Amino acid sequence: MQKDSGDIYQQYRNLAGKKVSFIIFLFFILLGVALIAISVGASSMSPLDSLAALFTDSGTAHAIVWKLRLPRIVMAILVGSGLGFAGTIFQAVLRNPLASPYTLGIASGAGFGAVVAIVFGAGFSAEYLIAGNAFFFALLTSFLILGISGQRSSTTETMILAGIAVMFFFSSLSSLFQYMGSMEQVHEIVFWFFGSLSKAGWKEIGMTADMVLLPSTFLLKLSWDFNLLSAGDESAKAVGVNVKGVRLTGIILASLITAGVICFTGVIGFIGLVSPHISRMIIGGDHRFLLPASALVGAVIVLAADTAGRTIWAPQIIPIGIVTSFIGVPFFFYLLIKRTKEYW
Amino acid sequence: MGITVIRLDFYKMHRLKQDIEILGRILQKEKQAGQLIDWYREKMEFIKERLKPGCKPPDVYMENYSDYHSVGPGSGADEMCALSGGHNISSDFAIPYPEVTPEWVLTKNPEIIIKAVSFCNCYAMTGTNKLEGARKKILKRPAWDNIRAVREGKVYVMAGDIWTGPTAVVGICYMAKWFYPDFFNDLDPEKIHKEYLEKFQRVSYRGTYVYPYNF
């Protein structure tokens with residue numbers, strides 16, 4: 001008897017150990033990609049010189065590495081991990097594999113906010129007019145969805161459906177304003193929807209970091225509740241989970257993360273949907289491990305995509321929003337075909 | 001149905017004369033179209049003549065309305081740069097409106113930066129505040145103090161009104177003066193703009209279109 005339970009503990013430790021190793025493995029992958037990202041760029045510096053420039057404190061090489069490449073890398077990591085993390089939360093609290101910042105309409109809401117800023121009253125006077133608007137509309141969208149789904153006995157399906165409806169609604173509104181806008185404005189809108197990491201400096205990074213790290217730290221503490229939610233609302237309630245409260249907290253905080261990320265970068269698609277799935281296929285659905293893993297997977301994809309996007313066709317950039325899908329989709333398909341057991 | 005459709009660009013400089021001619025014929029205003037073409041040709045030839053004596057074109061970074069979006073071949077602004085005697089650093093790109101990294105601009109180290117801005121209506125705008133603000137943002141971009149144009153203050157902001165399109169000739173005059181201040185002492189872009197608005201558009205001249213203006 002004693003021996004048996006010892007075995008079970010041992011097995012559990014082995015399993016948890018495997019998951020932790022995967023997370024550590026992802027961390028080193030991210031570090032590797034970051035090292036590559038810091039050593040490539042338009043300037044003629046060799047990769048080694050670039051790395052050496054990290055330890056200088058003046059000069060052009062220092063400026064390139066510290067003021068241009070490093071902020072870009074940090075922003076890519078924040079964006080990727082934020083979207084991966086938020087996507088996992090949405091999928092957990094709505095118990096739906098299709099939930100993501102996009103299918104819930106939050107990205108379209110942010111996009112619409114940016115369009116409003118660009119077409120009506122975009123000026124240089126207010127420094128964060130576009131970003132502020134995008135942020136505000138992203139949050140507004142999530143409250144709208146919460147409001148709509150709160151009207152009837154709110155099942156998770158109503159929320160997804162409401163989100164998709166809201167997505168179409170905001171896309172149409174954006175198209176309408178785009179149609180009304182001048183050529184210059186249409187130009188700017190199109191590029192905003194491509195997404196870009198060029199515009200983020202250290203100041204923007206600080207703001208995004210707050211909006212990604214604080215909510216995620218809090219949400220990570222609710223991991224057990226998310227695990228219990230996956231067994232269904234009734235079972236979760238039966239073991240004492242405040243289902244409504246957890247769902248509300250999850251949606252609001254994940255929306256905050258999403259808004260904080262995309263307001264400075266524009267639309268970077270697909271990460272929020274696919275990072276949780278990739279991680280779930282590999283390490284399963286325990287959110288204590290799944291959340292950090294999804295964040296890391298998202299960070300690796302975005303950083304790799306941006307580095308590829310600014311290298312492959314240099315000096316032209318392939319916008320990040322386009323490359324993420326090119327890199328993520330084939331990998332996702334590969335895992336979908338290879339997986340042996342039901343993972344969701 | 002056999003409906004004939006005509007498409008006019010009005011943003012490609014090399015087709016501008018032809019576009020005006022065709023529109024003149026369609027509207028049966030050939031005389032006015034001819035006048036506009038002559039006026040246009042006169043200004044362009046003036047600049048071309050002055051540029052002849054083997055001057056070295058300055059490296060110019062031209063930025064479109066969206067930050068870090070440059071102009072490549074096939075865009076109106078790329079043609080404008082060449083016509084005013086500048087060398088657009090992204091003129092050998094593969095696409096007309098490419099996004100570039102700030103690092104690439106820094107590496108190219110252009111002598112002059114020209115940024116297009118749009119505030120819906122610069123014709124109704126008084127004062128230079130908005131254009132000044134746009135310029136300041138470029139000067140403050142991270143690490144760009146390493147670029148020659150920024151160090152020497154040769155960063156100019158141009159309103160979309162005179163950036164490509166039929167009024168591009170005004171923009172070209174400004175650019176020619178920025179590129180070669182000594183060659184074009186007697187060229188007054190504001191006067192040319194006034195002429196265009198009063199003679200061909202029949203509205204009075206006002207608004208703010210470039211910053212800084214002083215040469």
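Residue numbering restarts at 1 for every chain, and letters A, B, ... go by the order of the sequence lines. All values derive from a computational prediction rather than experimental measurement.
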Open item on the list: Out of Met45(A), His62(A), Arg69(A), Arg310(A), return the one with the most heavy atom pairs under 4.5 angstrom to chain B.
Closed with: Arg69(A)

Task: Under 4.5 Å from a heavy atom of chain A, the part of Phe93(B) involved - done: both

- [ ] Taking atom CH2 of Trp39(B) as the centre, report whether more than 12 heavy atoms of other residues, nucleotides or ligands fall under 6.0 Å from it.
- [x] yes

Open item on the list: Just checking Glu152(B): does its CD atom have more than 12 heavy atoms from other residues, nucleotides or ligands closer to it than 6.0 angstrom?
Closed with: yes

Open item on the list: Check this for me: Phe10(B), atom CZ, are more than 12 non-hydrogen atoms of other residues, nucleotides or ligands nearer than 6.0 Å?
Closed with: yes

Task: Single hit among Leu68(A), Ile64(A), Ile317(A) for side chain to side chain contact (heavy atoms under 4.5 Å, CB included) with Thr101(B) - done: Ile317(A)

Open item on the list: A quick test of your reading: do over 12 heavy atoms of other residues, nucleotides or ligands sit less than 6.0 Å from CZ of Phe169(A)?
Closed with: no

- [ ] Measure across Glu99(B) and Gly195(A) and return the closest heavy-atom pair with its distance rounded to 0.1 Å.
- [x] OE1-O, 4.4 Å

TODO: Can you tell which part of Asn64(B) gets under 4.5 Å to a heavy atom of chain A, answering side chain, backbone, both or neither?
DONE: side chain

Task: Phe136(A) atom CZ, neighbour heavy-atom count above 12 within 6.0 Å - done: no

Open item on the list: Strictly distance-based, threshold 3.5 Å: is any side-chain N or O of Gln316(A) a donor or acceptor partner for the main-chain N or O of Ala94(B)?
Closed with: yes

Open item on the list: Only pairs of heavy atoms separated by less than 4.5 Å count here; which of Gly59(A), Pro315(A), Ser43(A), Ala63(A) has the most with chain B?
Closed with: Pro315(A)

Open item on the list: Taking the side chain as everything from C-beta on, heavy atoms only, tell me whether His69(B) gets closer than 4.5 Å to Phe191(A).
Closed with: yes

- [ ] Name the option with the most non-hydrogen atom pairs under 4.5 Å to chain A; the candidates are Pro98(B), Gly160(B), Pro142(B).
- [x] Pro142(B)

Open item on the list: Under a 4.5 Å cutoff for heavy-atom pairs, which residue among Ser44(A), Gly201(A), Gly41(A) has the most contacts with chain B?
Closed with: Gly41(A)

Task: Pro102(B) and Ser198(A), any side-chain heavy atoms less than 4.5 Å apart - done: yes

Task: Part of Trp313(A) within contact of chain B (heavy atom distance under 4.5 Å) - done: side chain

